[in-house]
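Take a look at the structure set out below.
From a predicted model like this one, the values you see are computed outputs, not experimental measurements.
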Amino acid sequence: MAKPVLPPDVVLITKANCHLCADARDAVGRVTAALGLEWSEQSIDDDAGLRERYAEEIPVLLVDGVQRDFWRIDEARLARTLRRALGQQA
């Protein structure tokens, strides 16, 4: 019996007043919606640890805790990554 596949944890790390972050929100939203997935957002403005780690790369996209993209989100690459995480054909 196959183990159930857990949905990937998709987190977009952003900051206030960031035009690239707005573009990234749109891209992540499109890809996750097409796959029926949820995603969350964390701001470096609220977290000193995130700010120290990612300040120069915002926005940053994490999938299951692994950095997958920054600055500009490649929607095709994100879709492939998420499909693989779901056990689907990429």
Side-chain angles (χ1 to χ4, degrees):
M1 186 170 174
K3 285 175 39 177
V5 176
L6 295 175
D9 181 33
V10 180
V11 178
L12 183 63
I13 301 172
T14 62
K15 67 180 179 180
N17 303 314
C18 167
H19 72 280
L20 290 177
C21 297
D23 294 345
R25 279 185 203 97
D26 292 343
V28 172
R30 280 190 294 273
V31 173
T32 55
L35 294 170
L37 297 171
E38 300 290 323
W39 64 281
S40 63
E41 183 174 339
Q42 293 181 338
S43 173
I44 65 168
D45 299 324
D46 304 326
D47 187 314
L50 289 177
R51 188 169 45 253
E52 184 176 315
R53 169 64 183 92
Y54 297 113
E56 300 301 319
E57 298 175 339
I58 296 299
V60 173
L61 180 67
L62 305 177
V63 177
D64 291 331
V66 177
Q67 183 174 332
R68 295 295 183 176
D69 237 333
F70 65 99
W71 293 335
R72 300 219 181 262
I73 305 304
D74 182 323
E75 291 185 47
R77 181 172 48 222
L78 175 56
R80 283 191 307 272
T81 298
L82 295 177
R83 283 191 197 102
R84 274 194 303 271
L86 290 167
Q88 299 175 1
Q89 198 69 359

Joint cluster assignment, Trp39 & Val60, ILVMFWY side-chain distance < 4.5 Å | no
Trp71 and Ile58: same hydrophobic cluster, using ILVMFWY side-chain contacts below 4.5 Å?
-> yes
Could you tell me which residues satisfy side chain to side chain donor-acceptor pair (under 3.5 Å) with Arg68, sequence neighbours excluded, listed by chain and number?
-> none
Just how far is it from atom CG of Leu20 to atom OG1 of Thr14, taken to the nearest 0.5 Å?
-> 11.5 Å
The reported gap from NZ in Lys15 to CG in Leu50 (rounded to nearest 0.5 angstrom) is 13.5 Å
Taking all non-hydrogen atoms of both residues, which atom of Ile44 and which atom of Ala55 are closest, and how far apart?
-> CD1-CA, 4.2 Å
Verify the cluster assignment for Val11 and Phe70: are they in a single hydrophobic cluster under the rule of side-chain heavy atoms below 4.5 Å apart?
-> yes
Minimum heavy-atom distance between Pro7 and Leu37, given as atom pair plus value = CB-CD2, 4.0 Å
Roughly how far, to the nearest 0.5 Å, is the CG atom of Leu78 from the CZ atom of Arg83?
-> 9.5 Å
Supply the members, apart from Val66, of the Ile/Leu/Val/Met/Phe/Trp/Tyr cluster built from side-chain contacts under 4.5 Å; use none for a lone residue.
-> none
Only pairs at least two apart or in different chains count here, so list each disulfide bond (SG atoms under 2.5 Å apart) that has a residue in residues 29-78.
-> none
Looking only at atom types and distance, does a side-chain atom of Asp69 sit under 3.5 Å from a main-chain N or O of Leu61, one as donor and one as acceptor?
-> no
Output, in order, the C-alpha distance, side-chain angles, deciding distance and verdict of side-chain contact (heavy atoms from CB on, under 4.5 Å) for Gln42 and Leu62.
-> CA-CA 11 Å; Gln42 293 181 338; Leu62 305 177; 5.8 Å; no
So Ile13 and Asp47, side-chain contact (heavy atoms from CB on, under 4.5 Å) or not? Walk me through it.
-> CA-CA 10 Å; Ile13 301 172; Asp47 187 314; over 6 Å; no
Can you see which heavy atom on Val63 is nearest to which on Pro8, and at what distance?
-> CG1-CB, 4.0 Å
Separation of Asp45 CG from Cys18 SG (nearest 0.5 Å) = 9.5 Å
